[in-house]
Amino acid sequence: MRPGLKFLYHIRLGSVHMYTQALDSCGTEPPSVAPAGEAERERQFQERIDRDEKIEPKDWMPDAYRQTLIRQIAQHAHSEIIGMLPEGNWITRAPSLRRKAVLIAKVQDEGGHGMYLYSAAETLGVSRGELMAQLLAGRAKYSSIFNYPTLTWADIGAIGWLVDGAAIMNQIPLCRCSYGPYARAMVRICKEESFHQRQGYEIMLTLARSGTRAQREMAQDALDRWWWPSLMMFGPSDVESGHTAQSMRWRIKRFTNDELRQKFIDATVPQARFLGLSIPDPDLRWDEASQHYASGPIDWGEFQAVLKGEGPCNRERLAARRAAHESGRWVREAAAAYADKHSDHRTGTGPAPGYAQAS
Amino acid sequence: MSSAAECTAGAVSAEERFRYLLRLADTSLVLGQRLGEWVGHAPALEEDLALANIALDLFGQARLLLAYAGQVEGRGRDEDQLAFRRDAPEFFNVTLAEQPNGDFGQTIVRQALLDAWQVELYHSLIGSTDEQLANIAAKAMKECRYHWRFSCGWLVRLGDGTEESRARVQAALDGLWRFTGELLTPDALDAHMASHGIAPPLALIRSRWEARLAAALEEATLRQPPPAYFPWHGKRGVHSEHLGHLLTEMQHLQRLHPGATW
């Protein structure tokens, strides 16, 4: 066993945005107009947030704040779980035993992050079973990035480098998010997440800098396919994103989508250069005036299509989750039945936490 | 090496030691590869994590054992050359390890049968006259004890769960039991290793394994199948049809790009 089954505590990078991206594009309920006493409570609540106090599960909070967080955390959790699939796709084919072990550990981390995030969502009054049911019914969002296929081994490197890299950009500010359980989860997660990003970059280094010609081509091809979807992970442009302002006022969000996207581009372009790979954007150039990279337009039509379920792997991803859920039903039922029979005198072999609700 | 006549009564040769180490290494490697197929598809998140965890341990064992086997062999083969550049007849895992996952019940039965074996085997190997093997065994035994807790726990839950779960897990047990003879029946190499104190006598492992399984099956309210006639010989390189496919998938990148580093 890995020491202390630490998988419970990690969270994956690639997910938060997914969260925010869908929130931004699908919309949350606008905060309702509060009745008289409520207005005073909301004012006090906002003052606490403005003082950078953490909001805890038992504290009063506006319903819209609660719903926004539930959706964001759940979407983050779902993204972790769905994100296990494209990477898990290469576990049996990883090209060395070391790479295989690292990949399994990473995918396992993602599952652990999912569990940890579902627990954070539960502090807001929604059960993991309920959230899982929404995902399987196709009613919940997860990051659009995981609807793209992993076609070669280099994709595993590109996901670590770009997808986890983009996620880190989003998650670091979430460590200061106003909701205590989410912020604390993110602190724990971020400590571990940069590790995944470095592992991904190291795969790319091996392929692109010291690899054979075929390996270099594989690396470039992966960058070509993952670059634009990675930029889309940050969600719609600020002008399109109607809910950024409220989320920022609540300090759930600290930077706008475009700010984070720019940060990511600025950090990543030199890394690609070091790899000797070219970013697939003919408009990309350093802008002296702004001291940032200027980049070409994002195909938001593709982004919207993937969100609507028309991406290359949307169907496969949900089908895989549903199949796992359905074919595991008898197992969960057996665990519940066993627990019923032996609930009075047995502790060692009872069902795992979360079982009853997960059926 | 596959017949008694080929095992010399005298000192243990590097070739013999190498082959014995591969039996242990390949069993962990192939079983880990099977469990890796589950990741993302298990009945619940907790089981996804547990199966991945067990797979990680098994790959860790395989890497230590393969690296040591490569040293013993003395031909400069490292863990990856041994894992990715041998064909099925050169793999010496027990046949049970390569059997397909089937449903969760079949995976659990396969796991429990092998966990019980590995726990007892590694426990005894801690006293091996081969110091390096003894050190690896000490680490592996602790891991395998956790694996057994997991698989035995599920065996009991599924056996004593619902009517459907009992039927499924009993069918899996009936289907896989025929591979257990190989775990417990010594061939010439096993006997040779035992005579030099490198490995325990399999008769000892048999009695402990049987006791462990009998208790678990009783608690699981499952019926122990009768012994089967056909003796499998994966540990001599004669496998079921499944191993070739497993290796095809596992080895394809290494074979497609010979000499590349990853």
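Every heavy atom of this structure was used, including side-chain atoms; hydrogens, water molecules and symmetry mates were not. On a predicted model such as this, the values are computed, not experimentally measured, just so you know. We name chains A, B, ... by the order of the sequence lines, and we start the count at 1 in each one.
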Checking side-chain polar atoms at under 3.5 Å, does B:E37 have a donor or acceptor matched by the opposite partner on A:T92?
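No, A:T92 and B:E37 have no side-chain donor paired with an acceptor closer than 3.5 Å.
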Quick check against the 3.5 Å criterion: does [X] have a side-chain atom that pairs as donor or acceptor with the backbone of [Y]?
{"X": "A:Q215", "Y": "B:T261", "value": "yes"}
{"X": "A:R332", "Y": "B:A44", "value": "no"}
{"X": "B:D80", "Y": "A:L97", "value": "yes"}
{"X": "B:Q254", "Y": "A:P95", "value": "yes"}
{"X": "A:R93", "Y": "B:L253", "value": "no"}

For a 4.5 angstrom cut-off between non-hydrogen side-chain atoms, does B:W262 reach A:R98?
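With C-beta onward as the side chain, the pair stays apart.
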Thinking salt bridges, do B:E46 and A:R128 make one under a 4.0 Å N-O criterion?
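A:R128 and B:E46: salt-bridged.
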Candidate pair B:D103 and A:W330, rule side chain to side chain contact (heavy atoms under 4.5 Å, CB included), full reasoning:
CA-CA 10 Å; B:D103 65 10; A:W330 69 272; 3.7 Å; yes
How long is the span from the [atom1] atom in [X] to the [atom2] atom in [Y], to the nearest 0.5 Å?
{"X": "B:D48", "Y": "A:M115", "atom1": "CG", "atom2": "CE", "result": "10.5 Å"}
{"X": "B:L56", "Y": "A:K100", "atom1": "CG", "atom2": "NZ", "result": "11.0 Å"}
{"X": "A:R329", "Y": "B:E164", "atom1": "CZ", "atom2": "CD", "result": "10.5 Å"}

Checking heavy atoms, do the side chain of [X], its backbone, both or neither come under 4.5 Å from chain A?
{"X": "B:R168", "answer": "side chain"}
{"X": "B:D160", "answer": "both"}
{"X": "B:E249", "answer": "both"}
{"X": "B:H41", "answer": "both"}
{"X": "B:A83", "answer": "side chain"}
{"X": "B:L66", "answer": "side chain"}
{"X": "B:F84", "answer": "side chain"}
{"X": "B:L246", "answer": "neither"}

Check whether A:M218 gets within reach of chain B through its side chain, its backbone, both or neither, counting any heavy atom under 4.5 Å.
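Answer is side chain: those atoms of A:M218 sit under 4.5 Å from chain B.
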Is there any residue in residues 316-324 of chain A with a non-hydrogen atom under 4.5 Å from a non-hydrogen atom of chain B, and which ones are they?
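Contacts with chain B: A:A320, A:R321, A:A324.
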